[in-house]
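Following: one structure in structure tokens, then a few remarks.
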There are 2 protein chains.
Amino acid sequence: MKESQALLAFAALSQDTRLRVVRHLVRAGPKGVPAGALAEGLSISPSNLSFHLKELDRAGIIAARREARSIIYTVNYDGLRGLIRFLLEDCCAGLADINLSPPASGAPRSSARKERANA
Amino acid sequence: MKESQALLAFAALSQDTRLRVVRHLVRAGPKGVPAGALAEGLSISPSNLSFHLKELDRAGIIAARREARSIIYTVNYDGLRGLIRFLLEDCCAGLADINLSPPASGAPRSSARKERANA
DNA sequence: TCTATATTTCAAGGAATATTGAAATATGAA
DNA sequence: TTCATATTTCAATATTCCTTGAAATATAGA
């Protein structure tokens, strides 16, 4: 994932309504949710939802398919995976000092120790 | 990590200058970088850098310590870890359908298959 | 074809963010 | 204390983003 793509994705997820859309879609799974139901579920106007859906789509975080009169939105798992990988590998863990376990008390030479020592 | 905290973090990382600051600090490691050197390295004005540093700090992504006349900035590893965990657990992988390996060709019932089938 | 439904697009205004340069604060040295 | 350095704060402007409501587009059924 290129940095510019990551910027788009972060921007997409940095807005309350859009984050709620994503979580809604994640819960729904691969079968997806039609735009109308989303707007209902989140209590926002169709036009406003549409604006945010376009943003999420542009960022590669969701996908759309038409089904009769409805447009069904789903999460784009590859897109989310790419963003997580960017955070882990390209952006932030060049140091390998990041693992996902909670900061263990007996952890060896973790930078978190230094931070606490400085507080 | 609360959703509101995640929103702050995404917003913090969704801006070009700030993402560059973070990557710079990650490269520097726990010893950190003084604000002046950061401004030089990124070719932005001290005042503008300061604005963005405050934003990153507010989001819990960096930490600061004073050392004589300089203020040394470091990445806050716990903060970044928290964000990655939010993406993996709280936000997006409730489905467990996300793992970090690239979409394998023989992967079982991955939603990516459905997406390609619909393209 | 005409009508109803589902959604998007567009334009306008309002709100939040980013950039700039000047002034303020904190530290250390002469 | 006075001066120089390192950084932040502030106010003004510029830019980008969000919301709203009205009009446009696409689909399906009578």
Side-chain angles (χ1 to χ4, degrees), chain A residues 3-22 24-25 28 31-76 118, chain B residues 3-25 28 31-75 118:
Chain A
E3 181 164 327
S4 60
Q5 181 66 20
L7 277 172
L8 275 180
F10 287 133
L13 295 176
S14 74
Q15 208 276 343
D16 181 62
T17 300
R18 288 195 294 261
L19 188 52
R20 279 161 62 218
V21 165
V22 172
H24 206 102
L25 291 182
K31 72 179 192 307
V33 183
L38 262 179
E40 280 248 318
L42 305 174
S43 310
I44 58 176
S45 74
S47 122
N48 190 15
L49 175 65
S50 195
F51 169 83
H52 289 300
L53 287 173
K54 196 165 55 175
E55 211 66 11
L56 286 166
D57 185 64
R58 206 163 61 95
I61 288 177
I62 63 173
R65 66 177 191 267
R66 183 176 273 277
E67 220 161 79
R69 264 178 294 196
S70 294
I71 299 196
I72 313 282
Y73 285 91
T74 53
V75 136
N76 176 354
N118 262 300
Chain B
E3 181 164 328
S4 59
Q5 181 66 18
L7 278 171
L8 275 180
F10 286 133
L13 295 176
S14 74
Q15 208 276 343
D16 182 60
T17 299
R18 287 194 295 261
L19 188 52
R20 280 161 63 218
V21 165
V22 172
R23 301 184 86 170
H24 207 100
L25 292 182
K31 73 178 191 309
V33 183
L38 262 178
E40 279 250 316
L42 303 175
S43 310
I44 58 175
S45 73
S47 124
N48 189 14
L49 175 65
S50 195
F51 169 84
H52 289 301
L53 287 173
K54 197 164 56 175
E55 210 65 12
L56 286 165
D57 186 64
R58 204 163 62 95
I61 288 177
I62 65 174
R65 65 178 192 266
R66 183 176 273 277
E67 219 161 80
R69 265 179 292 197
S70 294
I71 300 195
I72 313 284
Y73 284 91
T74 52
V75 135
N118 261 300

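The chains referred to below are lettered A, B, ... by the order of the sequence lines, with proteins before strands, and numbering in each begins at 1.
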Discussion item. In this structure, how many angstroms lie between the P atom of dT20(D) and the CG atom of L49(A), rounded?
Written reply: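 Rounded to the whole Å, the gap is 13 Å.
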Fill in: Results of side-chain hydrogen bond (donor to acceptor under 3.5 Å, both in side chains) for E3(A) - residues two or more places apart only
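Counting only residues at least two positions away or on another chain, E3(A) forms a side-chain hydrogen bond (donor to acceptor under 3.5 Å, both in side chains) with R23(B).
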Discussion item. Quick check: on DNA chain D, is the nucleotide nearest R66(A) upstream (toward 5') of the one nearest R58(A), or the reverse? Name the residue that is more 5'.
Written reply: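 The residue mapped nearer the 5' terminus is R58(A).
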Worksheet item: Starting at the 5' end of DNA chain D and moving along, which residue's nearest nucleotide shows up first, A68(A) or F51(A)?
Response: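 Looking at the nearest nucleotide for each, F51(A) comes out on the 5' side.
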Worksheet item: Within the distance-only criterion (no hydrogens, no angle test), does the side chain of R58(A) pair as donor or acceptor with the backbone N or O of G60(A) below 3.5 angstrom?
Response: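 Answer holds: no.
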Discussion item. Please classify the nucleic acid contact of S50(B) as base, sugar-phosphate, or nothing, using heavy-atom distances under 4.0 Å.
Written reply: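 Result for S50(B) = base.
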Practice prompt. Could you check whether E55(A) gets within reach of a base, just the sugar-phosphate, or nothing at all, counting any heavy atom under 4.0 Å?
Written response: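 Touches nothing.
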Item to complete: Walk along DNA chain C from 5' to 3' and tell me the first and last nucleotide with an atom closer than 4.0 Å to a non-hydrogen atom of chain B.
Response: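 The contacted stretch runs from dA18(C) to dG28(C).
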Fill in: Pairs involving residues 38-48 of chain B, ordered by first then second residue, that meet side-chain hydrogen bond (donor to acceptor under 3.5 Å, both in side chains) (sequence neighbours left out)
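Counting only pairs at least two positions apart or across chains, the side-chain hydrogen bond (donor to acceptor under 3.5 Å, both in side chains) contacts touching residues 38-48 of chain B are N48(B)-H52(B).
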Discussion item. Suppose we screen for side-chain contact (heavy atoms from CB on, under 4.5 Å). Which residues come up paired with I72(A), at least two apart in sequence or across chains?
Written reply: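 Per chain and number, I72(A) pairs via side-chain contact (heavy atoms from CB on, under 4.5 Å) with P34(A), R65(A), E67(A), S70(A).
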Fill in: Step-by-step side-chain contact (heavy atoms from CB on, under 4.5 Å) determination, L19(B) to L13(B)
CA-CA 5 Å; L19(B) 188 52; L13(B) 295 176; 4.2 Å; yes
Discussion item. Taking 4.0 Å as the cut-off, does a side-chain nitrogen or oxygen of H52(A) come that near to OP1 or OP2 on dC17(D)?
Written reply: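 No, H52(A) has no side-chain N/O under 4.0 Å of OP1/OP2 on dC17(D).
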Worksheet item: Should Y73(A) and V33(A) count as side-chain neighbours, where that means a heavy-atom distance under 4.5 Å?
Response: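 No, too far: nothing below the 4.5 Å cut-off.
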Worksheet item: So do the side chains of V22(A) and I61(A) get within less than 4.5 Å of each other, counting heavy atoms only?
Response: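 Heavy-atom side-chain distance check passes, below 4.5 Å.
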Practice prompt. Scan residues 38-48 of chain B against DNA chain C and write down, sorted by residue number, each residue with any heavy atom closer than 4.0 Å; if none is found, say none.
Written response: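 Of all residues in residues 38-48 of chain B, the ones placing a heavy atom under 4.0 Å from DNA chain C are S47(B), N48(B).
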Worksheet item: salt bridge (charged side-chain N to carboxylate O under 4.0 Å, His left out) with R69(A): which residues, sequence neighbours excluded?
Response: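 For R69(A), no residue satisfies salt bridge (charged side-chain N to carboxylate O under 4.0 Å, His left out) once neighbours in sequence are set aside.
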